[in-house]
Trainee: 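Before I ask anything, let me first share the structure, which is written out below as structure tokens.
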Number of protein chains: 2
Amino acid sequence: MRIGELAARAGTTARALRYYEARGLLSARRDEKGYREYGEGDLRLLEQIRTLQDFGFELEETRPFVECLRAGHLEGDSCPASLAVYRRKLAELDALVGQLTAVRETVAEQLRRAERAVGELAAEASVPGGPEPGCELGGQLS
Amino acid sequence: MRIGELAARAGTTARALRYYEARGLLSARRDEKGYREYGEGDLRLLEQIRTLQDFGFELEETRPFVECLRAGHLEGDSCPASLAVYRRKLAELDALVGQLTAVRETVAEQLRRAERAVGELAAEASVPGGPEPGCELGGQLS
DNA sequence: TTAGGGCTTGACGCGGACGTCAAGGCAAGC
DNA sequence: GCTTGCCTTGACGTCCGCGTCAAGCCCTAA
């Protein structure tokens with residue numbers, strides 16, 4: 001199988017495969033015309049890479065899985081190095097979700113506060129003599 | 001106040017301030033030597049930018065807040081456009097946290113499965129005639 | 001014969017928010 | 001006078017995972 005077919009079967013592009021090869025993640029035999037030639041095992045490697053990429057793993061983080069498969073294992077995560085990556089990623093995801101959740105709450109609080117402030121301005125405006133709300137080109141301070 | 005002092009007071013760098021200026025977020029007067037000269041109001045603008053940046057807002061997303069302050073409002077989020085950014089960001093954060101949480105669960109599941117598989121191999125190995133686990137340079141398949 | 005499609009390598013582009021270096025002006029201290 | 005330190009503009013580098021274009025070879029169908 002050549003590069004275009006493998007790429008299509010894995011749902012990616014030939015450019016990506018050449019990139020993986022340059023990174024040392026994927027190798028290929030060459031036929032007499034210099035074209036890359038792949039086997040079914042390469043499809044397994046590629047599927048492993050794509051799955052982890054879809055999870056948000058960096059390319060370098062897929063390397064232990066690829067090497068595990070190349071070592072003859074049926075699953076890319078049958079090796080200790082792969083498990084270590086899983087665990088590290090879980091910790092990263094937990095930390096990230098924690099941070100994002102904290103930011104989310106802070107932003108939500110800011111939004112509530114700002115909405116309350118707008119409401120109070122509106123209430124003042126409804127009383128005779130109140131100021132005007134809105135930001136439509138008020139005063140350009142350069 | 002000149003660029004270095006303002007940057008230090010805002011906890012950022014002169015390079016960042018020039019970048020904001022190039023993006024049209026921050027402006028500065030020039031003294032007779034061509035140096036940028038800032039006032040206290042610029043510190044307010046800069047603090048607003050930095051706060052939102054720390055929240056993970058893109059630079060363009062801080063623009064409504066900056067313009068709100070420049071329009072004379074005491075708070076950068078006193079304007080409808082700023083509130084819209086808040087709401088959009090909340091939705092983005094919710095979506096992102098949801099995706100990351102789903103990935104986290106999938107990865108956790110993969111880890112449990114892989115650990116179980118390793119455990120089963122270990123159990124077989126403890127029985128006489130079992131195979132060897134581990135991946136330390138087993139067989140290089142090129 | 002020509003058009004078309006797939007393959008090759010090499011090299012630049014992208015996005016975002018700057019970092020870093022180059023080359024030079026301006027002022028203060030020793 | 002010289003060094004140090006702040007400022008100026010301009011321009012290239014960074015990171016990552018490719019996209020895209022260029023120039024050219026190989027084969028096939030019309």
Side-chain angles (χ1 to χ4, degrees), chain A residues 1-39 42-43 45-66 85 88-89 92 96 100 103, chain B residues 1-39 42 45-66 85 88-89 92-93 96 100 103:
Chain A
M1 161 175 46
R2 295 192 302 193
I3 196 168
E5 184 183 347
L6 178 57
R9 288 180 64 182
T12 181
T13 66
R15 179 69 183 89
L17 302 206
R18 294 194 196 97
Y19 182 69
Y20 299 157
E21 182 176 313
R23 300 284 109 190
L25 287 173
L26 203 58
S27 57
R29 290 172 283 122
R30 298 303 184 108
D31 67 12
E32 68 284 355
K33 292 168 294 189
Y35 289 7
R36 290 173 180 81
E37 189 63 32
Y38 300 93
D42 295 314
L43 179 57
L45 290 187
L46 199 42
E47 286 170 345
Q48 177 73 82
I49 293 172
R50 297 306 302 176
T51 299
L52 296 177
Q53 282 273 88
D54 289 345
F55 286 167
F57 285 48
E58 294 181 6
L59 259 188
E60 271 311 305
E61 295 177 317
T62 71
R63 194 178 296 277
F65 296 81
V66 170
V85 173
R88 194 154 47 80
K89 211 65 190 178
E92 279 178 26
L96 186 53
L100 290 177
V103 166
Chain B
M1 161 174 46
R2 295 190 304 192
I3 195 170
E5 184 182 347
L6 177 57
R9 288 180 64 183
T12 183
T13 66
R15 179 69 183 89
L17 301 206
R18 294 195 196 97
Y19 181 69
Y20 299 156
E21 182 176 313
R23 300 284 109 189
L25 286 172
L26 202 58
S27 58
R29 290 171 283 121
R30 297 302 182 109
D31 65 14
E32 70 283 355
K33 293 166 295 188
Y35 289 7
R36 289 172 180 83
E37 188 64 31
Y38 299 94
D42 294 312
L45 290 186
L46 199 42
E47 285 169 345
Q48 177 73 81
I49 294 173
R50 297 305 302 175
T51 298
L52 296 177
Q53 283 272 86
D54 289 344
F55 286 167
F57 284 49
E58 292 180 8
L59 215 43
E60 270 311 306
E61 294 177 317
T62 71
R63 195 178 296 276
F65 296 81
V66 169
V85 173
R88 196 156 44 80
K89 210 65 191 178
E92 280 179 27
L93 284 168
L96 186 53
L100 290 177
V103 167

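Within every chain, numbering begins at 1; the chains are lettered A, B, ... in the order of the sequence lines, protein sequences first and strands thereafter. Only a predicted model underlies this, so the values are computations on that prediction, with no experimental measurement involved.
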Trainee: Select from A:E5 and B:E60 the residue whose nearest nucleotide in DNA chain C is closer to the 5' end of that strand.
Mentor: A:E5
Trainee: When the nearest nucleotide of DNA chain D is assigned to A:K33 and to A:L17 on a heavy-atom basis, which residue is associated with the more 5' position?
Mentor: A:L17
Trainee: Please assess A:E21 against A:R18 for the test salt bridge (charged side-chain N to carboxylate O under 4.0 Å, His left out), listing each intermediate value before the final yes or no.
Mentor: CA-CA 5 Å; A:E21 182 176 313; A:R18 294 194 196 97; over 6 Å; no
Trainee: Within the structure, does a side-chain N or O atom of B:Q53 lie under 4.0 Å from either OP1 or OP2 of C:dG16?
Mentor: no
Trainee: Taking CZ from A:R23 and C1' from D:dC15, how many angstroms apart are they, rounded to a whole number?
Mentor: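 So the CZ-C1' distance, A:R23 to D:dC15, works out to 11 Å.
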Trainee: Expressed in angstrom and rounded to an integer, what is the separation of B:Y35 atom OH from D:dT9 atom C1'?
Mentor: 13 Å
Trainee: Given atom CD of B:E32 and atom P of D:dT8, what is their separation to the nearest angstrom?
Mentor: 13 Å
Trainee: What integer distance in Å separates B:R30:CZ from D:dC6:C1'?
Mentor: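 In whole Å, D:dC6 C1' lies 14 Å from B:R30 CZ.
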Trainee: Kindly say whether, by distance alone, the side chain of A:R36 makes a donor-acceptor pair under 3.5 Å with the base of C:dT8?
Mentor: no
Trainee: Round to a whole Å and report the spacing from CG of A:L25 to C1' of D:dG17.
Mentor: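 About 12 Å, once rounded to whole Å.
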Trainee: Are the side chain of B:E37 and the backbone N or O of B:M1 linked by a donor-acceptor pair below 3.5 Å?
Mentor: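 Indeed, once roles are kept as given, a pair shorter than 3.5 Å links the two residues.
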Trainee: Is there a donor on the side chain of A:Y20 or the base of D:dG17 sitting less than 3.5 Å from an acceptor on the other?
Mentor: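 Not at all, since no donor on one side and acceptor on the other fall under 3.5 Å apart.
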Trainee: To the nearest Å, how far apart are B:R15 CZ and D:dG13 C1'?
Mentor: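 In whole Å, D:dG13 C1' lies 11 Å from B:R15 CZ.
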Trainee: Of the nucleotides D:dG17, C:dC18, C:dA17, which one has an atom closest to the side chain of A:E58?
Mentor: D:dG17
Trainee: Roughly, in whole Å, what's the span from CZ in A:R18 to P in D:dG19?
Mentor: 11 Å
Trainee: Rounding to an integer number of Å, can you tell me how far B:E37 CD sits from D:dT8 P?
Mentor: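 Those two atoms, CD and P, are 10 Å apart.
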Trainee: With no hydrogens and no angle check, is any side-chain donor or acceptor of B:D42 less than 3.5 Å from a backbone partner on B:G39?
Mentor: yes
Trainee: Hey, does the side chain of B:T13 come within less than 4.0 Å of C:dG19's phosphate (OP1/OP2), counting only N and O?
Mentor: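 B:T13 to C:dG19 OP1/OP2: side-chain N or O found under 4.0 Å.
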Trainee: Using 4.0 Å as the upper bound for N to carboxylate O, is an ion pair formed by A:K89 and A:E92?
Mentor: yes
Trainee: At under 4.0 Å, does any side-chain N or O of A:R2 touch on OP1 or OP2 of D:dC27?
Mentor: no
Trainee: Could you check B:I3 against B:Y35 for side-chain contact (heavy atoms from CB on, under 4.5 Å), going step by step and ending with a plain yes or no?
Mentor: CA-CA 8 Å; B:I3 195 170; B:Y35 289 7; over 6 Å; no
